[in-house]
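Chain letters run A, B, ... following the sequence lines, proteins first, then strands; residues in each count from 1. This is a predicted model, so every value here is computed, not measured.
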There are 2 protein chains.
Amino acid sequence: MAENLYERKALIFKALANPVRLEVLDMLIDGEKCVCEIQEKLKKYQQAHISKSLIKLKEAGFIKDRKEGLNVYYSLKICCLGDFFKCLNNILDSDTSN
Amino acid sequence: MAENLYERKALIFKALANPVRLEVLDMLIDGEKCVCEIQEKLKKYQQAHISKSLIKLKEAGFIKDRKEGLNVYYSLKICCLGDFFKCLNNILDSDTSN
DNA sequence: CTACTATATGCCATAATTGGAATATATCAT
DNA sequence: ATGATATATTCCAATTATGGCATATAGTAG
């Protein structure tokens, strides 16, 4: 585990610092999905890669999983993600001009 | 520049995915600071490293700079950062147990 | 048991990030 | 002009992340 608070926070942002994982999170915003559904939407990536992405998001504390037979269902664990991402859009909308 | 939206968002999170840059951002939350003040607080790191951290945060759109004589002053450019980080604490507080 | 399906794990080459050391630039004072 | 100070840039070795491929595991069906 990371020693100090800033390192722990950085680990959380590292989990978000990847387009595939961000897209996965986005998919989960409208409810629980099984790994197979996520794979279906992200066909450009290998199954193994999706699986690793989900595990990384889980380790960072963003999502949780639930097994049901052969399937594994993932869902958001953090309710404030919506607001979290709204701020992001402010950044994206504002120009990079100083 | 990154092609799609998720890649652009990932770039923003990459800028946050580092303890030094997070600590710098934290220092700027209570107002504009000159590089020298930031260095003073982060003595464990080299001047060059602090400078690079500031530039990365600026490129990501989080902060802006202003020159005054020999000094450069940096300040937050995004007003919603406070809320942004509040959500983080939710994640940090919640256990990693599924 | 075997066969099948869904998901996870291990290995690996490539690419990106980190942070130190040295150097460059810009501004100010004399 | 020279020298001093604040900040930025370049170079580089070490570490870490990315994403493909192959394989393993776990649950289900027959």
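Taking atom CG of residue B:L70 and atom P of nucleotide C:dA24, one finds them 19 Å apart after rounding to whole Å. At whole-Å resolution of the value, CG in B:L54 and P in D:dT7 are 9 Å apart. Between B:E40 atom CD and D:dT7 atom P there is a gap of 12 Å when expressed in whole angstrom units. Nucleotide C:dT25 holds its C1' atom 15 Å from the CG atom of B:D65, rounded to whole Å. Rounded to whole Å, atom C1' of C:dT18 lies 14 Å from atom NZ of B:K14. When the P atom of C:dT23 is taken as reference, atom CD of B:Q46 falls 13 Å away, rounded to whole Å. Across the protein-nucleic acid pair, B:Y74 atom OH and D:dA6 atom P stand 16 Å apart, rounded to whole Å. Between the CD atom of A:E7 and the P atom of C:dG19 there is a distance of 9 Å, rounded to whole Å.
Here B:L57 contributes atom CG and B:I78 contributes atom CD1; the two are 11.5 Å apart, rounded to the nearest 0.5 Å. The distance from the CD atom of A:E23 to the CD atom of B:E7 is 10.0 Å, given to the nearest 0.5 Å. Note that the CD atom of B:E40 and the NZ atom of B:K33 stand 13.0 Å from one another [nearest 0.5 Å].
Tracing side-chain contacts under 4.5 Å through hydrophobic residues (I, L, V, M, F, W, Y), one never reaches B:I38 starting from B:Y73; they form parts of separate clusters. Clustering ILVMFWY residues whenever any of their side-chain heavy atoms sit less than 4.5 angstrom apart, transitively, puts B:Y45 in the very cluster that holds B:L22.
Among the heavy atoms of the strands lying under 4.0 Å from B:I55 are primed sugar atoms or P, OP1, OP2 only; no base atom is included. Within the 4.0 angstrom heavy-atom criterion, base atoms lie near A:A48. At a threshold of 4.0 angstrom between heavy atoms, the contacts of B:Y73 with the nucleic acid are absent.
At D:dG19, one or more side-chain N or O atoms of A:N18 fall inside 4.0 Å of OP1 or OP2 (strictly under the cut-off). The side chain of B:N71 places an N or O atom within less than 4.0 Å of a non-bridging phosphate oxygen (OP1 or OP2) of D:dT7.
At a cut-off of 3.5 angstrom, counting only N and O atoms as typed in the model, there is a donor on one side and an acceptor on the other between the side-chain of B:Q47 and the base of D:dA8. Between the side chain of A:K52 and the base of D:dG20, a donor-acceptor pair under 3.5 Å is found.
The 5' end of DNA chain D is approached more closely, in terms of each residue's nearest nucleotide, by A:V20 than by the other of A:V20 and A:G69. Across the interface with DNA chain D, nearest-nucleotide mapping of A:H49 and B:V72 shows B:V72 to be the residue nearer the 5′ end.
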